[in-house]
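Working notes, structure below.
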Amino acid sequence: MKYLNKNIEELHTLLKNKDIKPIDLVNEAFENIENNKELNAYITLNKEEAIKQAKELENKEVDNILFGLPIAIKDNIVTKDLKTTCASHILENFIPIYDATVVEKIKAKNMIIIGKTNMDEFAMGSSSRTSYFGAPHNPWDHNKISGGSSGGSATTIAARDLLFALGTDTGGSIRQPASYTGIVGMKPTYGRVSRYGLVAFASSLDQIGPMTKNVYENALLLNVICGHDDHDLTSSKKEVEDFTRLIGKDIKGMKIAVPNFFVSDIVNREIIDKLKDTIELLKKLGATVDYIDMKYIDNAVTLYQIIAMGEASSNLARFDGIRYGYSTENPKDIEELYFKTRREGFGKEVKRRIMVGSYLLSGKNAQDYYFKALSIRDDMKQEFTKVFENYDYIIGPTTTTTAYNLTDPMDDPRKSFLDDVLVIPVNMAGLPGLNIPIGFDKENMPIGMQIIANNFEEAKIYQLASILEKELNLNLEPKRGENNE
Amino acid sequence: MSNYIPTIGVEVHVELKTKTKIFSNSKNGYGQMANSLTNVIDLGYPGTLPTLNEEVVNLAIKAATVLNCKIRKQMHFDRKNYFYPDNPKNYQITQFQTPIGYDGYVEIELNNQKKKIYIEEMHIEEDTCKSTHRGTKTLLDFNRAGVPLIEIVTKPCMSSKKEAVLYLEKLKELLFYSDISDCKMEEGSMRADANVSIRKNESDPFGTKVEIKNIGSISNVGLSIEKEIKRQEKLYNNNETFKEQTRRFDDKLEDTVLMRVKETGNDYRYFPEPDIPFVVITDEMIEEVKKTIPMLPDERREKYKELGVSDINTNKLVQNRSLSDYFNQLLDKNTNHKIASNLLLGDISQYLNKTEKEIFDTTLTIPRFLELISLMEDNTLTSKNLKEIIDIVLESNKTIKEIMKDENIENITDDNAIREVIKQIISNNQESVEDYKNGHDRAIKYLMGQVMKETKGKANPKMAMDILIEELQ
């Protein structure tokens, strides 16, 4: 009997009536993962502990809708007593001694952590191929990438292993893999979710968010993980709200903007066509859609590279082999300890970004690059604010192409950033953004649309996404070889 | 006499007296078991983030105020990136672009002339951990990692070791008095580095700068500056040049020793700390902090002098914070402040030293102290008496009069009784009386001695003298 493909309300009732037990769901999740082993979605499974926890829950009251449900956590979010590798050799055997705030919140709801998902090393990449443990495979086509950096979380959700996963998004790392794998992925407003316990890549951009197969479940998970945290000074004091509250409400009269840059020739024709179909649908549902020009967003990738790599070069300095993580054998002095530990412990892409980032912050360069980028970032924020004075949403494709082959070359570092050219502006502006599947290309690979709203308007994003989800009514379960349209 | 002009600047790191560390809730303490005052944040554990201890910001505002600095209303923190084993994140959170205080000064008095020592800036930062080298191994104690510091940087505006020493003494006094730091150089809660260069003429550019680090006491700051000036003079006189460098003061050699020659500008890759949002300091915050600043040493000195306290006693009182605080409670009292200061610094200090107590730990309330002063003033109680009963005065709650009674201390203050004794003595010592009348001063001392002998020292000396002179007329 399969339960994990049922909708959440049904599952909750079954649990509540003791028709099923949490252990049934945990066992099923591990079976699914085992059956989908070749997808390489996980770095570490939490089998023993998950089973133990599921059994303990049998005597507890089913007090919330997420009670007893399995969840997967991206491997850059620390979990007490459970290996957290960041997909890096340098943390290959790192067992944290504390829980990230989001993990505490998940545990408080009695959700069960099934394992830690695969990703790009330290979230640096857009295909999860920089993982020390090899890339995850796309459930729609095993020869294709799942995207990144939250590739493992996207994979396990798309493969229907379980219902919930957490990802992190610094420059599109939730939305882009969600688009490639046909799932719903939300990057909340910067500050919405505590970053305490998220191993930092670019502190001013990183944000944790939910990855699920549908909109409602996504909003439910965001309900759990957000809220002010005293441990994170950048976390917002905004009151916790019910993100499901606008789901299903009609969008008549809503004003939607499509930046011309988002439908320019950097985007594949098939994707633009699918987006235009969706726009027609939105109009039919009573929304107005305008094409607009936006300044600065075409510069977002450049700004992102400067800010993210600058911050990363500093954030990753702490991995020195002294207090935790990989440490080289018998160094002759402190210099050698630093050099060898980091040379042997970090992968190529991470080292490249640390070096570029260090260069960008070095001496006079800091003024020429980093500080200039910060100031243009402010201008870009203003530009978004201006648009939201007149519009409820900004939409566009999430990616310029659908998922490409795992064997495509990785030697052009700029290519990896161009995968994220449409998602990065949202991080730069700190805004919430969500990927919703809107169809498939001719190879039956999912196409995603991005919905962006003003700061802290996640509920409004879910509103539009839920309407589209209902109207499009796509079959999003990967059936390899068959067409889902 | 040398013909070089020294230029000296001083950088001081002061550990703030907070309950917890600057970016975590670990206890801020000294002398505890290694690594017992640490948590994941102090260790720079992956995923951890700093929080900001408000107490630190308040103490820094306080320091900026007592150092006459302007206060930055919107400030942020910066990361200073460098690899070192005592630096757990391999970056230090400090303030580079927006130091909380700037353009301040401290006033010193040199040869009876006031001089302002200008402060370039003061900023907040975290302390590093402590490393101890054992053979080929290095041990790390993270108790100190994240202890809040302020760094106070003067302009290169001092021209002698004397000025540097006076500045440091003054700085220490100010920070100690305003409860910002305990300023113990021996425990490292105050650390000073001196920058020294010399040149021939005021109009010349500054000479090559040498930084002296790790100086363990204020007097050694003076000594190290003196030695460094001599060293540089010798080099210049031999037509030698040298590179900008960092030296340390070696206690045993009593001289500076080369640590490292400065490479072409350190590259710390500073950038604003993204984990801590900008901090806004409001006028209300500054006003609140100002209310917590007690009377500062210079004002105390001025007030004490106005009340007739001697220079020596004034300085001694100000050097002892708790005695000075105690004495301040007498400022508006109508009493003899001179006697008060003598008592506090004399018999009372002796008792406090002996018993290792603070004045506030004794039973000497202000009303009792006022009673004591007044009894001393009118000689009801003599210094000799006080020495006998000082322990009781400071340990019991009885009035001083009650104590005197219990201890059978009764000075003859009845002038009739004294007059009787004096008349008797005068009639028995006519020879001395004659001497006195002929202008021999020594005679009256002899007669006075006879009075005290007859009364077994119980006669009030002042009263006795007055009566004696009267009777001799």
Side-chain angles (χ1 to χ4, degrees), chain A residues 76-78 84 86 90-91 94 96-101 122 191 194-200 202-206 229-235 307 310-311 313-320 322-325 332-335 337-339 342 357-363 365-366 370-371 374, chain B residues 22-25 35 38-54 57 76-93 96-97 129 131 133 136-140 142 145 263-279:
Chain A
N76 58 349
I77 298 170
V78 302
T84 300
C86 290
I90 212 161
L91 289 178
F94 176 61
I97 55 173
Y98 77 106
D99 272 328
T101 299
F122 285 101
S194 167
R195 293 185 295 117
Y196 191 73
L198 161 61
V199 180
S203 314
S204 70
L205 302 166
D206 295 342
D229 180 11
D230 286 339
H231 286 104
D232 176 4
L233 292 172
T234 64
S235 95
I307 293 169
E311 291 178 11
S313 70
S314 171
N315 283 330
L316 270 64
R318 68 186 63 197
F319 301 102
D320 57 13
I322 294 178
R323 284 143 299 135
Y324 42 73
K332 69 175 195 300
D333 56 19
I334 184 73
E335 293 281 299
L337 172 72
Y338 287 148
F339 283 132
R342 291 167 68 81
S358 301
Y359 171 79
L360 289 169
L361 288 174
S362 179
N365 291 349
Y370 188 80
F371 289 94
L374 288 185
Chain B
I22 177 167
F23 299 125
S24 86
N25 61 6
N35 293 309
T38 58
N39 63 19
V40 285
I41 297 165
D42 312 324
L43 290 166
Y45 221 71
T48 56
L49 296 170
T51 51
L52 179 59
N53 182 350
E54 267 177 47
V57 177
H76 66 261
F77 289 85
D78 297 283
R79 288 191 188 174
K80 180 181 183 179
N81 294 285
Y82 65 96
F83 278 83
Y84 205 71
D86 71 3
N87 187 12
K89 302 180 289 295
N90 287 317
Y91 60 81
Q92 180 195 30
I93 305 178
F96 179 64
Q97 281 188 321
C129 87
S131 43
H133 304 286
T136 58
K137 301 269 180 225
T138 300
L139 304 174
L140 299 171
F142 289 84
E263 303 293 335
T264 49
N266 275 320
D267 186 3
Y268 289 120
R269 291 174 285 126
Y270 286 102
F271 71 101
E273 168 56 270
D275 290 328
I276 306 176
F278 279 55
V279 179

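All values reported here derive from a predicted model rather than from experimental measurement.
- The greatest number of non-hydrogen atom pairs below 4.5 Å with chain A, out of B:Pro277, B:Pro50, B:Gly44, is found for B:Gly44.
- Between A:Ser313 and B:Arg269, the shortest heavy-atom distance links the atoms OG-NH1, 4.1 Å.
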Assess whether side chain to side chain contact (heavy atoms under 4.5 Å, CB included) is satisfied between A:Tyr338 and B:Asn90, documenting all intermediate values. CA-CA 11 Å; A:Tyr338 287 148; B:Asn90 287 317; 4.1 Å; yes
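- Interface check for chain B: of the options A:Ser362, A:Ser204, A:Ala202, the most heavy-atom pairs under 4.5 Å are formed by A:Ser362.
- Across all non-hydrogen atoms, the minimal contact from B:Tyr45 to A:Pro96 is OH-CA, 4.0 Å.
- Neither the backbone nor the side chain of A:Leu360 comes within contact range of chain B; no heavy atom of the residue lies under 4.5 Å from a heavy atom of that chain.
- Residues A:Asp230 and B:Thr51 form no side-chain contact, since every pair of their non-hydrogen atoms from C-beta on lies 4.5 Å or further apart.
- The two residues A:Leu233 and B:Leu52 come nearest to each other via the heavy atoms CD1-N, 3.7 Å.
- Looking at heavy atoms from C-beta onward, B:Ile41 lies in side-chain contact with A:Tyr196 at the 4.5 angstrom threshold.
- In this structure, chain B has no heavy atom under 4.5 Å from any part of A:Asp333.
- Comparing A:Asp320, A:Val78, A:Ile97, A:Thr234 by heavy-atom pairs within less than 4.5 Å of chain B, the highest count is held by A:Ile97.
- Among the candidates A:Asn315, A:Leu374, A:Leu337, A:Ile77, the residue making the largest number of heavy-atom pairs closer than 4.5 Å to chain B is A:Asn315.
- Across A:Ser314, A:Ser358, A:Gly325, the residue that shares the most heavy-atom pairs under 4.5 angstrom with chain B is A:Ser314.
- Note on B:Ile276, B:Thr136, B:Thr138, B:Asp275: by heavy-atom pairs under 4.5 Å with chain A, the leading option is B:Asp275.
- B:Thr48 is listed as a side-chain neighbour of A:Arg318, based on a closest heavy-atom distance under 4.5 Å.
- Counting heavy-atom neighbours within 6.0 Å of B:Tyr84 OH, excluding the residue itself, gives a total of 12 or less.
- Counting all heavy atoms, side chain and backbone alike, B:Leu140 lies closest to A:Ile322 at CD1-CG2, 3.8 Å.
- Judged by distance alone, the side chain of A:Arg323 and the main-chain N or O of B:Leu43 form a donor-acceptor pair under 3.5 Å.
- Comparing A:Leu205, A:Asp232, A:Leu361 by heavy-atom pairs within less than 4.5 Å of chain B, the highest count is held by A:Leu361.
- Here the shortest heavy-atom pairing between A:Phe319 and B:Pro46 reads CE2-CG, 3.7 Å.
- Between chain A and the options B:Phe142, B:Tyr91, B:Phe83, B:Tyr268, the largest number of non-hydrogen pairs under 4.5 Å is found for B:Phe83.
- Shown here is B:Glu54, whose CD atom has no more than 12 heavy atoms of other residues, nucleotides or ligands within 6.0 Å.
- For B:Phe271, the parts sitting under 4.5 Å from any heavy atom of chain A are the backbone and the side chain alike.
- The two residues A:Ile334 and B:Pro85 come nearest to each other via the heavy atoms CD1-CG, 3.5 Å.
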